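One structure is given here, and the rest of the page talks about it.
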There are 2 protein chains.
Amino acid sequence: MNRPALSVDRNSPVPLYFQVAQQLEAAIRDGKVAPGERLENEVQLADRCGLSRPTVRQAIQHLVDKGLLVRKRGVGTQVVQAQVRRSVELTSLYDDLAAAGGEPRTEVLELDTVEAPDQVAKELGVPPGAPVAKLRRLRYTGAEPLALLTNYLPGGLLEPTAADLAEHGLYELLRAAGINLRIANQTIGARSATAAEAQALDERRGVPLLTMTRTAYDDKGRAVEYGSHVYRASRYSFALTLVER
Amino acid sequence: MNRPALSVDRNSPVPLYFQVAQQLEAAIRDGKVAPGERLENEVQLADRCGLSRPTVRQAIQHLVDKGLLVRKRGVGTQVVQAQVRRSVELTSLYDDLAAAGGEPRTEVLELDTVEAPDQVAKELGVPPGAPVAKLRRLRYTGAEPLALLTNYLPGGLLEPTAADLAEHGLYELLRAAGINLRIANQTIGARSATAAEAQALDERRGVPLLTMTRTAYDDKGRAVEYGSHVYRASRYSFALTLVER
DNA sequence: AAGTGGTCTAGACCACATC
DNA sequence: ATGTGGTCTAGACCACTTC
């Protein structure tokens, strides 16, 4: 049992449940509450913060969804004893690399409006042949090429310049344009590099590549991006956390 | 706007919010509520079901977490216009294949108690050299080998027989033993097949393989399984749905 | 101005795990 | 028997979007 210090600011615009969740998360990450250790029960926690139980419950649920805590009826709430804790969230490769201090660099290979191929039209929910933006980029980390990225966006959604794309990740540009990504369907696989891919990625033909295709949807349920990417398997892998609900 | 038929049974042991979620999900999957279409607002829905608003909210949140719905303040709740809808959940390959009608078959290559190698000890949170169960299995779908699976479990947690493993998935056996999996950290990558792997999987040496390592935790936060697997990339890929919270 | 979801309260009863 | 989380109510006020 552990009682981390908790305080809430009722004048802050930050929701109360979120303030509590942040403080609990900080206590866990700093090791003030050890893996395997039990938290106070919800009622005590609520009393101690001066909040109602549903509000405290919402804070705890937030951390359960994040994979930091597990709850069991009749038992209590415990910290998961996991070592790694990186999850693939709804960010683009650029965001990931920037967050990890990887100095991402982008070379724009193509920036066009094309007629949507069948597969793309199907994924984006537009008629085949409708105009869509097509991007092809080569992503570096430091001096090393890392991935070859091909994206399609519904026509008129976003008209980025090559300069925009060199400086920012695609998802960053989408967010800046007021598009809030909510859901993505991804498929991850592997195959051998074609000659062209190998040359672009500074690898030899036939080396294994990781492939990822993704269709992303915004907060209105519209498909806003379809991507088909290949990564050098020697330098990249996907990490994710699954949480059973 | 759409008003699917909804009814709740207050004598059922199934929670009310879950009954509502199930009926909404069925209406969506049957196409009775089309992608992009808006649902009634929460208050109307609550009135119509004879439930309180928080209960209906919980039902909707459940479907938002599943990636079926998106919500936006001031706008409403809409059905996502996604075509694919398979997510990697916390199931094992055996479960996945069985659910897809893939007739899984398992050949047990090794079933031992060994001293935990450093990497395994670290992932399972046991001292290096502690006794752990080691399993090596070859998983087929129909006549074709699909994956080579290596797992480690903390000593004493589960003592399966080769017959158990031939008939059931590992996760199924864990559940039957009262172990409830809650969280898993996975890493997905790719590399070339070694000669031994190629032979076991009926491929040629050097073909690309998908790799997946996973550490799974139960509802008490304990690490209960570490797995290191390789899949034939020509016959398998991972599909998952990401939801921004 | 009207309508939507987001947050919050102060309780209540229940199911499950443990002792 | 006790303590835990799971579910549920009937409201309230607020922030955001759209018209």
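What you see below is based on every heavy atom in this structure, not just the backbone, and it leaves out hydrogens, waters and symmetry mates. A note on names: the letters A, B, ... follow the listed sequences, proteins ahead of strands, and every chain is numbered from 1. Quick caveat, the model's predicted, so the values are computed rather than measured.
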Checklist outcome for this item: Assert: residue with more 5' nearest nucleotide on DNA chain D, out of Glu42(A) and Pro54(A), is Glu42(A)
Checklist entry - Any side-chain heavy atom of Arg48(B) sitting closer than 4.5 Å to one from Gln44(B)? => result no
Next on the checklist: So Val114(B) and Tyr152(B), do their side chains get closer than 4.5 Å, heavy atoms only?
Outcome noted: yes
Item to check | 5′-ward residue of the pair Val43(B)/Leu16(A) relative to DNA chain C | outcome: Val43(B)
Item to check | Rounded distance (Å) that lies between atom P of dT18(C) and atom CZ of Arg38(A) | outcome: 11 Å
Next on the checklist: When you compare the side chain of Leu157(A) with that of Arg222(A), does any pair of heavy atoms fall below 4.5 Å?
Outcome noted: yes
Next on the checklist: Once you apply a heavy-atom cut-off of 4.0 Å, does Pro15(B) come out as touching a base, just sugar-phosphate, or nothing?
Outcome noted: sugar-phosphate
Next on the checklist: Does atom CD (Glu115(A)) have a neighbourhood of more than 12 heavy atoms from anything else shown, all under 6.0 Å?
Outcome noted: no
Next on the checklist: Output the rounded distance in Å from CG (Asp219(B)) to C1' (dC16(C)).
Outcome noted: 12 Å
Item to check | Between dG3(C) (C1') and Arg71(B) (CZ): distance, integer Å | outcome: 16 Å
Checklist outcome for this item: Nt span of DNA chain D in reach of chain A heavy atoms at under 4.0 Å, 5' end first, is dG3(D) to dT18(D)
Checklist entry - Using a cut-off of 4.0 Å on non-hydrogen atoms, how would the nucleic acid contact of Ile60(A) be classed: base, sugar-phosphate, or nothing? => result nothing
Item to check | Interatomic distance where CD belongs to Gln58(B) and P belongs to dG5(C) [whole Å] | outcome: 17 Å
Next on the checklist: Rounding to an integer number of Å, can you tell me how far Leu39(B) CG sits from dG3(C) C1'?
Outcome noted: 16 Å
Checklist entry - Any side-chain heavy atom of Ser7(A) within less than 4.5 Å of one from Gln23(A)? => result yes
Next on the checklist: If I take atom CZ in residue Arg73(A) and atom C1' in nucleotide dC16(C), what distance separates them, rounded to the nearest angstrom?
Outcome noted: 6 Å
Item to check | Side-chain touch Leu135(B)/Thr150(B), heavy atoms, less than 4.5 angstrom | outcome: no
Next on the checklist: With a cut-off of less than 4.0 Å, is there a side-chain N or O of Lys72(A) near OP1 or OP2 of dA15(C)?
Outcome noted: no
Item to check | Side chain proximity check, Leu69(B) to Ile60(B), heavy atoms < 4.5 angstrom | outcome: yes
